[in-house]
Amino acid sequence: MPIIVNLDVMLAKRKMTLSQLSEQVDVTIANLSVLKTNKARAIRFTTLEAICRALDCQPGDILEYAEEEP
């Protein structure tokens with residue numbers, strides 16, 4: 001998939017665990033884990049906004065576009 005989710009990188013930079021983020025953004029650990037492992041097919045803007053607020057970052061810090069290899 002050409003969209004890469006760098007949630008694990010941002011969590012490490014902020015020294016925050018997935019469960020801490022889950023509590024702050026009111027999203028289940030299971031749903032955040034799907035995002036973190038790049039298995040998500042979609043993300044709501046409200047969820048992205050909450051994650052960015054909790055991690056004090058921009059959407060581009062979490063989401064990255066990479067072209068697929070042929």
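Residues P59 and C52 approach most closely at N-SG, 3.5 Å, considering heavy atoms. Nearest heavy atom pair, residue M10 against residue D61, reads CG-O, 3.6 Å.
In this structure, the side chain of T47 does not engage the main chain of I43 through any donor-acceptor pair within 3.5 Å. Judged purely by atom type and a 3.5 angstrom limit, N38 has no side-chain atom pairing as donor or acceptor with the backbone of I4.
Side-chain contact between L63 and N6 is absent, with no heavy-atom pair separated by less than 4.5 Å. L55 has its side chain within reach of M16: a pair of non-hydrogen atoms, C-beta onward, lies under 4.5 Å apart.
No chain of hydrophobic side-chain contacts below 4.5 Å, direct or via other Ile, Leu, Val, Met, Phe, Trp or Tyr residues, connects I3 to V34.
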Cut-off 3.5 Å, no hydrogens considered: what does the side-chain donor-acceptor table look like for residues 18-31, sequence neighbours left out?
{"unit_1": "S19", "atom_1": "OG", "unit_2": "T17", "atom_2": "OG1", "d": "3.3"}
{"unit_1": "Q20", "atom_1": "OE1", "unit_2": "T17", "atom_2": "N", "d": "2.8"}
{"unit_1": "Q20", "atom_1": "OE1", "unit_2": "T17", "atom_2": "OG1", "d": "3.4"}
{"unit_1": "S22", "atom_1": "OG", "unit_2": "V27", "atom_2": "O", "d": "2.5"}
{"unit_1": "T28", "atom_1": "OG1", "unit_2": "N31", "atom_2": "N", "d": "3.1"}
{"unit_1": "T28", "atom_1": "OG1", "unit_2": "N31", "atom_2": "ND2", "d": "3.3"}

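Residues passing the salt bridge (charged side-chain N to carboxylate O under 4.0 Å, His left out) test with R14, sequence neighbours excluded: none.
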* To do: Evaluate side chain to side chain contact (heavy atoms under 4.5 Å, CB included) for I62 paired with V9, printing each intermediate quantity in order.
  => CA-CA 8 Å; I62 297 171; V9 173; over 6 Å; no
